[in-house]
Amino acid sequence: MKIKRVDHLILTVTDIARAIRFYHEVFDMPIINFKDEREPHCVRCGHQLLEFQTVKQPQQPAAANPTVNSAAFCIITGDKLSDVCNHLESYYVPIVAGPLKQIGSEGPMMSIYIHDCDQNLIEISSYQNK
């Protein structure tokens, strides 16, 4: 089996519209509207999608116990982390840790950590040698 990449990640949230607004406004992730859906439920993150579901209406098939605020993932920025920190501050999004030296899938990087509107942990990183 030859795995190429992650295609999408599903986050369990309390309010899909609020989650979409957060990711669209704070990270400028485009909202994706599928023709067969009444309301949007995902945003584009680079070449991947972040999809949203609620505990009461999980996408099927679903994880055994979809839970709000249990996700932790990393996104890569092309901006300087100091600019990212200033941007987050302008949206009143507190940084909970960092900048910290980390190792990602492509080597050394610097990371800061925030929580989204449902307290999922988001690592925002910049590769040092890229």
Side-chain angles (χ1 to χ4, degrees):
M1 181 183 307
K2 296 179 183 177
I3 303 300
K4 293 182 178 183
R5 63 181 172 89
V6 172
D7 185 79
H8 64 278
L9 173 69
I10 299 173
L11 298 178
T12 304
V13 298
T14 55
D15 182 317
I16 292 174
R18 182 179 72 159
I20 286 176
R21 188 171 51 254
F22 177 87
Y23 283 88
H24 175 67
E25 290 179 2
V26 174
F27 297 117
D28 199 27
M29 293 180 183
I31 299 169
I32 305 301
N33 290 307
F34 293 109
K35 291 180 182 178
D36 61 340
E37 298 290 329
R38 292 184 191 178
E39 299 292 327
H41 69 277
C42 66
V43 294
R44 181 169 302 288
C45 179
H47 295 285
Q48 290 72 35
L49 296 178
L50 290 180
E51 296 185 36
F52 304 101
Q53 67 179 9
T54 62
V55 172
K56 293 180 181 179
Q57 293 182 312
Q59 294 183 32
Q60 296 299 325
N65 295 299
T67 306
V68 174
N69 71 29
S70 63
F73 60 96
C74 178
I75 56 178
I76 303 300
T77 182
D79 298 324
K80 294 189 294 187
L81 282 185
S82 60
D83 292 340
V84 172
C85 292
N86 290 334
H87 176 79
L88 293 170
E89 184 178 311
S90 74
Y91 280 92
Y92 303 98
V93 177
I95 296 168
V96 297
L100 302 171
K101 291 181 180 180
Q102 300 291 10
I103 300 294
S105 65
E106 297 181 25
M109 59 187 189
M110 291 298 291
S111 299
I112 58 173
Y113 295 82
I114 67 167
H115 287 119
D116 71 4
C117 51
D118 284 293
Q119 301 303 304
N120 293 300
L121 183 67
I122 305 171
E123 179 180 356
I124 305 169
S125 300
S126 176
Y127 279 101
Q128 296 174 325
N129 299 326
K130 303 260 176 196

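Computed from a predicted model, the values in this text were never measured in an experiment.
The line from CG of Asp118 to CG of Asn120 is 6.0 Å long, rounded to the nearest 0.5 Å. Rounded to the nearest 0.5 Å, atoms CG (Leu9) and SG (Cys42) are 11.5 Å apart. If you take CD1 on Ile16 and CD on Gln57, they are separated by 7.0 Å, rounding to the nearest 0.5 Å. Note that CD1 of Ile32 and SG of Cys45 are 11.0 Å apart. Values are rounded to the nearest 0.5 Å. In this structure, CZ in Arg18 is found 8.0 Å from CG in Asp116, a value given to the nearest 0.5 Å. Distance check: Leu49 CG to Met29 CE gives 10.5 Å after rounding to the nearest 0.5 Å.
With contacts defined as side-chain heavy-atom distances shorter than 4.5 Å, the pair Val84/Ile112 qualifies. Looking at heavy atoms from C-beta onward, Ile114 lies out of side-chain contact with Val96 at the 4.5 angstrom threshold. Using a 4.5 Å heavy-atom cutoff, the side chains of Val13 and Val68 are not in contact. Side chains of Ile95 and Cys85 form a contact here, defined as non-hydrogen atoms less than 4.5 Å apart. Side chains of Ile124 and Ile122 form a contact here, defined as non-hydrogen atoms less than 4.5 Å apart. Contact check for Asn86 versus Leu88: no side-chain heavy atoms found under the 4.5 Å cut-off. For the pair Met109 and Ile76, the minimum side-chain heavy-atom distance is below 4.5 Å. With contacts defined as side-chain heavy-atom distances shorter than 4.5 Å, the pair Met110/Gln128 qualifies.
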Discussion item. Before you tell me yes or no, could you show the steps for Glu51 and Gln59 under side-chain hydrogen bond (donor to acceptor under 3.5 Å, both in side chains), namely the whole-Å CA-CA distance, both residues' side-chain angles and the distance that decides it to 0.1 Å?
Written reply: CA-CA 9 Å; Glu51 296 185 36; Gln59 294 183 32; 3.2 Å; yes
Item to complete: Could you check Ile31 against Asn33 for side-chain contact (heavy atoms from CB on, under 4.5 Å), going step by step and ending with a plain yes or no?
Response: CA-CA 7 Å; Ile31 299 169; Asn33 290 307; 4.3 Å; yes
Worksheet item: Does the pair Gln102 and Ser111 meet the rule for a side-chain hydrogen bond (donor to acceptor under 3.5 Å, both in side chains), with working shown?
Response: CA-CA 7 Å; Gln102 300 291 10; Ser111 299; 5.2 Å; no
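Ring orientation note: the planes of Phe73 and Tyr23 are close to parallel, at an angle under 30° on the 30°/60° scale.
Counted by atom type alone, Thr12 and Gln53 present one or more donor-acceptor pairs between their side chains at under 3.5 Å.
The two residues Gln48 and Arg5 make their nearest non-hydrogen contact at NE2-NH1, 3.8 Å. When all heavy atoms are compared, the tightest approach of Ser125 to Cys74 is OG-SG, 3.3 Å. When every heavy atom of Gly46 is checked against every heavy atom of Arg44, the shortest pair comes out as O-CG, 3.1 Å. Ala63 and Pro66 make their closest contact through O-CD, 3.3 Å (heavy atoms, listed as atom of the first residue, atom of the second, distance).
Residues Phe27 and Leu81 share a hydrophobic cluster, clusters being chains of Ile/Leu/Val/Met/Phe/Trp/Tyr side chains in contact below 4.5 Å. Residues Phe22 and Ile75 share a hydrophobic cluster, clusters being chains of Ile/Leu/Val/Met/Phe/Trp/Tyr side chains in contact below 4.5 Å.
Panel note: side chain Tyr113, backbone Leu121; no donor-acceptor pair is recorded below 3.5 Å. At least one donor-acceptor pair under 3.5 Å links the side chain of Thr67 to the backbone N or O of Asn65.
Atom CD of Glu89 has 12 or fewer heavy atoms from other residues, nucleotides or ligands within 6.0 Å.
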